[in-house]
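Reading through the C-alpha cells given below for one structure.
Computed from a prediction, not measured in an experiment: that's the story for all the values here. Each residue takes its place number in the sequence, starting with 1.
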Amino acid sequence: MTVEEKIGQLCCPLGWEMYTKTKEGVVPSQLYKEQMSKSPIGSYWAVLRADPWTQKTLETGLNPELAAEALNALQKYAVEETRLGIPVLFAEECPHGHMAIGTTVFPTSLAQASTWNEELMYRMGEVIALEARLQGANIGYGPVLDIAREPRWSRMEETFGEDPVLTSVLGVSFMKGMQGKAQNDGKQLFSTLKHFAAYGVPESGHNGGRANVGMRQLFAEYLPPFRKAVEAGAGTIMTSYNSIDGIPCTANKYLLDDVLRNQWGFNGFVYSDLTSIEGIVGSHVAKDNKEAAVLALKAGVDMDLGGNAYGKNLQQALAEGMLTEADLDKAVARVLRLKFRMGLFENPYVSPELARKQVRSATHKELAREVAREGTVLLKNVGVLPLNKKIKSIAVIGPNADMMYNQLGDYTAPQERSEIVTVLDGIRNAVSPSTKVTYVKGCAIRDVKNSDIPAAVKAAKEAEVAVLVVGGSSARDFKTKYIGTGAATVSADEDQVLSDMDCGEGFDRSTLHLLGDQEKLIEAVAATGTPLVIIYVQGRPLNMNLASEQAQALLTCWYPGEQGGAAMADILFGDYNPAGRLPVSVPRSEGQLPVFYSQGRQRDYVEEKGTPLYAFGYGLSYTKFDYSGLKLEKGEKKDDLQTVTCTVTNVGERDGEEVVQLYIQDKVASVSQPPILLKAFRRIHLQKGESRIVTFTLREEDLSIYNMEMKQVVEPGDFKVMVGAASNDIRLEGEFTL
C-alpha cells in the first residue's frame with residue numbers, strides 16, 4: 001500500500017452526501033468518486049442517517065430497500081474501481097435502533113436501563129444489528145457506556161444511568177447481541193463503545209466539559225463497563241470530547257494504549273469522536289491540526305471520524321519526521337483486521353429484498369413494545385391504577401400526549417406517522433368503543449405563546465380521570481442550527497416560536513424544572529379534583545416535586561420509542577404489571593447535584609432533605625413482594641467467595657415481576673469506600689402466591705478495591721450484605737468475613 005492508501009484507510013468522512021437518488025436507482029455521488037480516487041477511504045459514517053442536520057427527509061432519504069442498494073453501489077465502486085479493491089466499513093448510529101428511515105425505534109438508553117433485564121437487552125441488540133446489517137452497515141455506534149451523574153448534561157438519555165454494575169451488565173449484553181459470536185454471517189455488526197472516558201460527568205453539565213475525577217474513581221466507577229465490554233470482545237471504541245486531568249481523551253496515550261490495549265487486551269480499533277482530533281487544538285494541547293493528528297495517532301486513535309485531521313496532515317507529518325510509517329502501519333492493520341473478520345473481502349454485498357422484508361418486522365415492533373413496557377417506572381400509585389377499559393370518559397392532556405417525535409429521543413431519523421403509537425393513540429386503541437376520550441394539548445414543552453390551560457381544565461372536569469403527559473423533548477426540527485459535531489445550538493431569538501427541544505446533544509440545562517407552562521398546567525388540572533395520572537416523557541430526570549405531590553399516580557417512561565403509547569396503555573389498563581426500576585436518582589433540586597445512591601444517605605440541607613426524591617433502583621408494582629430467609633455461605637469454587645440466597649414471595653393479588661437487588665458495603669478498607677454498592681440483580685416473574693429462591697454469587701472482582709498503590713485487590717475484612725427492592729428499600733441484611 002502507498003502512504004496515501006494507508007492514510008485513506010484511517011479516514012471516516014461524513015457519509016450522507018455519498019449517494020445520489022435517480023429514477024434508475026441509487027448511485028455513488030460525484031463527491032464519493034472524488035474521495036475514493038484520491039486515497040480510497042477506510043470507513044464512512046452515517047451514510048444512511050436522516051435528520052434535520054443532514055437535511056435528509058422521508059422524501060430525500062432512503063427506505064431500507066434503497067439503503068441496501070445504496071451501500072451495495074458504494075461498496076461495488078470501492079471493490080471494482082479502486083486500485084486495491086479494499087471494501088469500506090460503513091458505520092451507522094445504533095444507540096436505540098438504527099438511525100435511518102423505516103427502522104424500528106426502540107426506547108432510548110435510560111428506558112432500556114430501567115428494564116434491569118439483561119436478556120432483553122441482548123435480544124434488542126440482535127434486532128438493531130440485524131436491521132442495520134441488512135442495509136449494508138458493518139459497524140453500529142453504541143451502546144453508550146458512560147456513567148451519568150449529571151442530569152443537566154444534554155446526553156444523559158443515551159446512557160444506562162449512574163451505576164457501573166448496571167451499565168456493565170446491560171450495556172455488555174446489548175453489545176453481545178449486536179456482535180454475536182461472529183460478524184461475517186450477514187446478521188451482526190461490530191459495536192462501537194462510547195465514549196472513552198468519563199464523558200458522563202461534565203463540569204457544570206456542559207457537553208464535553210472536563211471530568212473532575214481522580215484515578216481511583218476513574219478505574220473503580222467510570223471504566224468498568226468499558227473493561228467488561230472489551231473482555232467480551234468489543235470491536236471498536238470511540239474517544240470522548242472531554243479531558244481528564246488536563247489531557248484530552250483523544251490524545252490520552254495512557255488510556256488508549258497502556259490501559260485499553262496493553263492491560264485489557266483490546267484488539268479492535270479506536271475511532272475519534274466527530275472532529276475531536278481538531279478539538280485537541282481547542283484544548284490548547286496542540287498548536288495546529290497537524291500536531292493534533294500526530295498526538296492522536298501516537299496515542300492510539302486509529303480512525304479519524306470526520307476525516308479531515310488525518311487526511312490533510314499525516315502525510316506531511318510523516319515527511320517531517322513527526323511520526324513513522326510504522327505508526328501508520330499499526331493503525332491500518334487494526335482497521336483491515338476488522339474488515340477481514342467481517343468477511344467483507346469475500347462477501348461485501350447485501351440483499352435489498354431481505355432489507356425490505358425484515359427491517360421493522362412485526363416481531364421487531366413487538367420487541368420495541370416489550371422494552372418500553374419493561375422500561376416504564378411506576379413512581380406513585382394511590383388507588384387509581386390500573387384503569388378500567390370501560391371507563392366512561394378520559395381526558396388526555398399535555399404537550400407529550402400526542403407529539404410523536406417527542407417520545408422518540410435524539411438520534412432518531414424521520415419516521416412515518418402511521419408507525420408511531422403515541423400515548424393518545426395507545427389509550428384510544430385500548431379503551432372500549434363507548435369510552436369518551438378527549439384530547440387537549442394544553443401547552444407546549446417550552447413555548448408559552450399558544451397555551452390553552454382553560455381548555456385542559458374543562459376537559460379534566462368533564463372526565464372520570466385525567467392522564468397528563470409532560471416532560472421534555474429531544475426532537476430536532478429543520479429550523480434548528482447545528483455545529484460541526486452535529487450537536488444542536490440553543491436559539492436566542494425571542495420572536496420565534498420555541499421548539500420543544502430541551503434535551504439531546506447540545507441542549508444542556510441549568511435547571512431541571514419543567515419548562516414553559518407545564519407546571520401551571522399540572523396545578524390547574526390537579527385543582528379540578530379529577531383523579532390525575534401524570535406521565536413524564538423525558539431524556540433526563542426532570543423535577544417531579546409538584547407532580548409527586550399533586551398526582552394520584554406518577555410514571556416515567558423516559559423516551560419510550562415508537563411503541564411507547566401502546567406500552568403505556570398496557571400498563572395504565574392493567575394488561576401489564578409494571579416492574580421498571582430507576583437507573584438514576586431523581587433529585588429534589590439542582591442544589592443537590594451530584595446526587596447518586598452510592599454516596600449513601602446525605603445530610604439534610606437548610607432548605608430541603610439531602611435524599612433524592614426517588615432513589616436509584618426504586619419502582620412500584622400492582623402487587624407486593626416479601627423477602628425472607630437470607631443465607632450467606634462460602635462459595636464452593638475458588639473464585640466464588642460468597643453466595644447470597646434469599647426467598648422472594650409475591651404476596652399481592654396479581655402476577656408480577658420483581659427486581660431483586662444485592663448491595664454490599666466493605667466495612668473497613670485501606671482506602672475509603674462507598675457505603676453502598678450494587679453488585680448484582682435479578683428480574684424475576686412470580687405468580688400471585690408464588691415463592692422463589694434467588695441466589696447471587698460474589699466473586700473476587702465484586703469485592704475488590706483499588707488500594708493505595710492503585711492495585712486491584714481483595715482485602716480481608718468484614719462485609720455487609722443488603723438485599724432489597726431499591727437502594728433505599730433494603731429488606732434483608734447480613735454480614736460475612738473474608
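Under the 4.0 Å criterion applied to side-chain N and carboxylate O atoms, Arg356 and Glu353 are assigned as salt-bridge partners. Salt-bridge formation is not detected for the pair Glu34/Lys38: no Lys NZ or Arg NE/NH1/NH2 atom is positioned less than 4.0 Å from an Asp or Glu carboxylate oxygen. With respect to Lys33 and Glu81, no salt bridge is recorded, no charged nitrogen being found less than 4.0 Å from a carboxylate O. For the pair Lys312 and Asp304, the salt-bridge criterion is not met [side-chain N within less than 4.0 Å of a carboxylate O].
Considering every non-hydrogen atom in both Ala198 and Asn242, the closest pair reads O-ND2, 3.5 Å. The two residues Pro164 and Pro225 have their closest heavy-atom pair at O-CG, 3.8 Å.
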* List the steps and the verdict of side-chain contact (heavy atoms from CB on, under 4.5 Å) for Thr250 and Tyr241. => CA-CA 7 Å; Thr250 303; Tyr241 289 123; over 6 Å; no
* Asked: Would Leu130 and Leu134 satisfy side-chain contact (heavy atoms from CB on, under 4.5 Å), going step by step from the backbone distance to the final call?
  -> CA-CA 6 Å; Leu130 177 63; Leu134 286 170; 3.8 Å; yes
* To do: Give the C-alpha distance, both sets of side-chain angles, the deciding distance and a yes or no for salt bridge (charged side-chain N to carboxylate O under 4.0 Å, His left out) between Arg373 and Glu370.
  => CA-CA 5 Å; Arg373 275 197 304 256; Glu370 185 178 353; 5.2 Å; no
* **side-chain contact (heavy atoms from CB on, under 4.5 Å) evaluation trace for Met403 with Thr422** => CA-CA 7 Å; Met403 297 292 285; Thr422 66; over 6 Å; no
* side-chain contact (heavy atoms from CB on, under 4.5 Å) evaluation trace for Leu74 with Tyr44 -> CA-CA 10 Å; Leu74 299 184; Tyr44 276 97; 6.0 Å; no
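Within 6.0 Å of the NZ atom in Lys176, the count of heavy atoms belonging to other residues, nucleotides or ligands does not exceed 12. For Lys228, the NZ atom sits in a loose shell: 12 or fewer heavy atoms of surrounding residues, nucleotides or ligands are nearer than 6.0 Å.
Not one N or O on the side chain of Asp257 forms a donor-acceptor pair closer than 3.5 Å with the backbone of Asn262. Counting only distance, with no hydrogens or angles, the side chain of Gln179 and the backbone of Gly233 share a donor-acceptor pair below 3.5 Å. At least one donor-acceptor pair closer than 3.5 Å links the side chain of Tyr405 to the backbone N or O of Gln415. The main-chain N or O of Phe90 is never found under 3.5 Å from a side-chain atom of Ser43 such that the two would form a donor-acceptor pair. A donor-acceptor pair under 3.5 Å is formed between the side chain of Gln55 and the backbone N or O of Pro52. Between the side chain of Thr376 and the backbone N or O of Ala372, at least one donor-acceptor pair lies under 3.5 Å. Between the side chain of Thr2 and the main chain of Glu5, a donor-acceptor pair closer than 3.5 Å is present. Under a 3.5 Å cut-off, the side chain of Gln135 and the backbone N or O of Ala68 do not form any donor-acceptor pair. Without hydrogens or angle criteria, Ser173 side chain to Glu118 main chain gives a donor-acceptor distance under 3.5 Å. Checked by atom type and distance alone, the side chain of Ser109 never pairs as donor or acceptor with a backbone atom of Gln112 at under 3.5 Å.
For the pair Leu336 and Met1, the minimum side-chain heavy-atom distance is below 4.5 Å. With contacts defined as side-chain heavy-atom distances shorter than 4.5 Å, the pair Leu297/Tyr310 qualifies. When side chains are defined from C-beta on, Gln407 counts as touching Ile420, because their heavy atoms get closer than 4.5 Å. Counting only heavy atoms from C-beta outward, the side chains of Lys56 and Arg49 never approach each other to under 4.5 Å. Contact of the Met36 side chain with the Ile41 side chain is registered, since non-hydrogen atoms from C-beta on lie closer than 4.5 Å. For the pair Cys557 and Val537, the minimum side-chain heavy-atom distance is below 4.5 Å. Contact check for Asp410 versus Arg155: no side-chain heavy atoms found under the 4.5 Å cut-off.
In this structure, CD in Glu562 is found 10.0 Å from OG1 in Thr412, a value given to the nearest 0.5 Å. For the atom pair CE of Met121 and OG1 of Thr115, the computed distance is 4.0 Å after rounding to the nearest 0.5 Å. Taking CD of Gln9 as the reference point, atom OG of Ser39 lies at 9.0 Å (rounded to 0.5 Å). We find the CH2-CG distance between Trp16 and Asp51 to be 7.5 Å, quoted to the nearest 0.5 Å. The structure places CG of Leu110 at 6.0 Å from CE of Met156, a figure rounded to the nearest 0.5 Å. Note that CD1 of Ile128 and SG of Cys94 are 7.0 Å apart. Values are rounded to the nearest 0.5 Å.
You'll find the ring centres of Tyr32 and Tyr19 outside the 6.0 Å limit.
Checked against His98 for a side chain to side chain donor-acceptor pair (under 3.5 Å), the options Arg360, Glu92, Arg133 give a single hit: Glu92. Remark: of the listed residues Ile237, Val270, Thr236, Val270 is the sole one forming a side chain to side chain contact (heavy atoms under 4.5 Å, CB included) with Asp302.
Side-chain atoms of Tyr559 and Ser474 form a donor-acceptor pair, as typed in the model, at a separation below 3.5 Å. With hydrogens and angles left out, the side-chain atoms of Trp116 and Glu374 include no donor and acceptor closer than 3.5 Å. With hydrogens and angles left out, the side-chain atoms of Thr57 and Glu59 include a donor and acceptor closer than 3.5 Å.
Phe345 and Phe340 have parallel rings, their planes meeting at less than 30° on a 0 to 90° scale where 60° marks the start of perpendicular.
Applying the side chain to side chain donor-acceptor pair (under 3.5 Å) definition to pairs two or more places apart or across chains, those involving residues 136-148 are Asp146-His195. Note on residues 17-30: no pairs pass salt bridge (charged side-chain N to carboxylate O under 4.0 Å, His left out), not counting sequence neighbours.
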